[in-house]
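Below is one structure, written out as structure tokens; comments come after it.
Chain letters run A, B, ... following the sequence lines, proteins first and then strands; every chain starts at 1. Note that this is a predicted model, so its numbers are computed, not measured.
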Amino acid sequence: MAKEKPSIPKGTRDFSPEEIAKRNYIFDTIRNIYSLYGFKPIETPAMENLSTLMGKYGEEGDRLIFRILNSGDFLSKANIKDLNAGDSQKVSAQICEKALRYDLTVPFARYVVQHQNEITFPFRRYQIQPVWRADRPQRGRYREFFQCDADVIGSDSLFNEFELVKIIDKVFGELEIQITVKLNNRKILAGIAEYIGFADKIIDITTAIDKLDKIGLEKVNEELMDRGLTADAVEALQPVLMLQGSVSEKLASLRNTLQTSPTGLQGIDEMDEVFTLLESSPAYCHVELDLTLARGLNYYTGAIIEVKAKDVAMGSICGGGRYDDLTGIFGLPGVSGVGISFGADRIYDVMQELGLFPNDVLTFSKVLLVNFGTEEQKYAQKVLFKLRDAGISCELYPEAAKMKKQMQYADKNQIPFVIIIGKNEMETGQLAFKNMKTGVQELMDTEAVISYLNKI
RNA sequence: GUGGAUGUAGCUCAGCAGGUUAGAGCAUCAGAUUGUGGUUCUGAGGGUCGUGGGUUCGAGUCCCAUCUUCCACCCCA
């Protein structure tokens with residue numbers, strides 16, 4: 001039998017105990033803050049019906065959905081003509097009924113519609129689960145990664161947008177990542193497109209100007225022409241592209257430019273309100289109005305949110321926005337939602353690169369009890385369970401190995417304290433309690449050890 | 001999906017124009033040191049050179065294919 005070299009699919013990863021500890025630090029931070037803001041957790045299946053996902057993420061998105069082949073004699077359901085014609089697109093729809101979820105927003109919309117009678121609106125839910133995309137892997141881009149979503153559905157209030165920004169601010173504040181929050185509004189983008197006379201080309205316009213700081217003004221203008229805009233239209237767009245100044249200055253200028261566009265004006269009002277709320281309760285991080293931000297346009301209708309780390313080049317580490325009618329496609333029209341999603345894996349990469357993980361997240365056991373032999377082990381066991389009863393994570397070295405080896409074990413596992421129990425300690429009840437960081441060792445009885453450890 | 005780089009020990013990399021048994025550092029394990037780790041010294045284990053073909057008397061080295069990882073585009077967390 002040929003030996004198979006073990007491997008895992010492209011773009012997926014194993015996680016070691018240390019990596020899990022660091023990842024949990026991120027998840028716990030986000031989960032606690034979501035909870036603090038009154039969001040409730042839900043979970044949905046890893047796989048959805050393919051029809052639930054198709055057409056929700058645009059053409060590009062459809063291509064990146066991982067499909068699950070039907071079990072059994074799946075070919076019997078395939079159309080022979082399509083099969084012979086080599087039409088993968090059609091055949092895959094015939095032989096795949098299920099697919100791995102591509103994000104958490106669409107499954108959430110499905111969940112809301114399906115459970116609408118059990119839900120009290122507005123509904124604040126959070127969801128921390130993996131998603132899968134058949135994208136080509138790159139730095140900060142994986143085929144399996146975790147999203148941490150929070151959405152408020154069933155409320156039009158811009159107070160929600162404000163709260164989501166506050167959550168972003170708090171999460172990155174606690175993780176000590178320096179960030180910039182960029183806000184934009186789809187309605188403003190629509191107003192701009194309308195103003196230059198190409199309302200139908202909003203996607204082309206925004207994806208082009210999204211590249212402004214990447215490829216520069218000239219190239220953007222070239223691309224706009226390539227995408228079918230007239231020279232006049234590109235000319236009219238210039239003042240908008242070069243908009244400078246404070247948020248209120250930008251909004252005032254836009255208000256003047258877009259005065260003929262009711263949609264644009266509404267977008268400006270919305271941004272105005274969010275920024276006013278933020279003034280009443282300032283964020284620690286920098287929140288700016290960025291008209292070149294054009295993410296997730298396939299379903300966002302109002303606010304668009306994106307977060308970038310300041311000190312490291314990485315794609316966006318958090319994104320979100322408002323979608324007015326996401327549940328409409330599942331038969332529940334007129335319900336507005338707004339949400340954000342933290343990209344845990346990218347946040348991990350940023351923190352790893354900047355060395356931001358606190359050392360103590362790597363501590364599992366707090367105490368190691370050294371094992372000297374049968375008699376000593378019996379005594380140590382009693383101490384071990386007393387410590388555990390007191391809520392202290394600890395372990396007893398399972399065999400009477402050389403002391404050096406046991407100390408090394410403690411050292412390598414970042415166990416901060418060691419208790420040594422030999423003949424002397426058994427006689428007096430005074431345990432040798434060693435602090436591995438300082439190297440200081442002193443004699444203490446079990447109770448004293450417990451109260452000491454519970455204090456720190 | 002398009003274009004480009006990469007792949008030698010667990011990790012980071014050497015390996016000269018193709019030529020005997022493929023090297024180093026770190027890590028691992030053992031010993032120096034039978035009640036004290038993070039320093040030092042000694043020794044050991046570990047590689048079908050990503051995989052499969054081809055050229056050649058001979059391939060880690062050259063050619064082709066394939067996979068992985070990385071980079072740009074696209075898109076995104």
As its Watson-Crick or G-U partner within any shown strand, both distances under 3.5 Å, B:G45 has none
Under a 3.5 Å limit on both distances, the Watson-Crick or wobble mate of B:G3 is B:C71
Worksheet item: With a non-hydrogen cut-off below 4.0 angstrom, is A:Q408 in contact with a base, only sugar-phosphate, or nothing?
Response: sugar-phosphate
With the side chain defined as heavy atoms from C-beta on, A:R136 is closest, among B:U28, B:A77, B:U2, to B:U2
Under 4.0 angstrom, heavy atoms only, what part of the nucleic acid is A:Q406 near: base, sugar-phosphate, or nothing?
nothing
query: Any donor-acceptor pair under 3.5 Å between the side chain of A:K10 and the base of B:U68?
result: no
inquiry  = Do the side chains of A:D345 and A:R23 get close enough for a salt bridge, i.e. N-O under 4.0 angstrom?
reply    = yes
Distance criterion of 3.5 Å, no angle test: do you see the side chain of A:D411 paired donor-to-acceptor with the base of B:G37? yes
Of B:A77, B:U36, B:G38, the nucleotide closest to the side chain of A:I420 is B:U36
Nearest-angstrom distance, C1' atom, B:A14 to B:G60: 12 Å
Could you verify whether a donor N or O on one side chain and an acceptor N or O on the other, from A:Q238 and A:N221, lie under 3.5 Å apart?
yes
Answer with base, sugar-phosphate or nothing: what part of the nucleic acid does A:D135 contact at a heavy-atom distance below 4.0 Å? base
Practice task
Pick base, sugar-phosphate or nothing for A:G61, based on heavy-atom distances below 4.0 Å to the nucleic acid.
Solution key: nothing
* Asked: Does a nitrogen or oxygen in the side chain of A:K211 sit under 4.0 Å from OP1 or OP2 of B:C73?
  -> no
Exercise for review: Indicate, with a heavy-atom threshold strictly under 4.0 Å, whether A:K434 touches base, sugar-phosphate, or nothing.
Suggested key: base
Quick check with a 6.0 Å cut-off and a 45 degree axis cone: is A:R388 positioned over the face of A:F385's six-membered ring?
yes
### Query
Has the side chain of A:R141 got a donor or acceptor atom sitting under 3.5 Å from an opposite partner on the base of B:C75?
yes
Using a 4.0 Å heavy-atom cut-off across all strands, classify A:G373 as base, sugar-phosphate, or nothing.
nothing
With heavy atoms under 4.0 Å as the rule, sort A:E376 into base, sugar-phosphate or nothing. nothing
Item to complete: Answer with yes or no whether A:R346 presents, from its side chain, a donor or acceptor under 3.5 Å of a partner atom in the base of B:C76.
Response: yes
*asked:* Do A:Q127 and A:T44 pair up side chain to side chain, a donor and an acceptor below 3.5 Å, judged on atom types alone?
replied: yes
- prompt: Do A:Q414 and B:G38 share a donor-acceptor pair, side chain to base, under 3.5 Å?
  reply: no
- Message: For a side chain to side chain contact (heavy atoms under 4.5 Å, CB included) check, start with the C-alpha distance between A:L53 and A:V106, then their side-chain angles and the critical distance, and finish with the verdict.
- Response: CA-CA 7 Å; A:L53 305 182; A:V106 168; 4.2 Å; yes
Side-chain atoms of A:N424 come closest, of B:A77, B:G35, B:C75, to B:G35
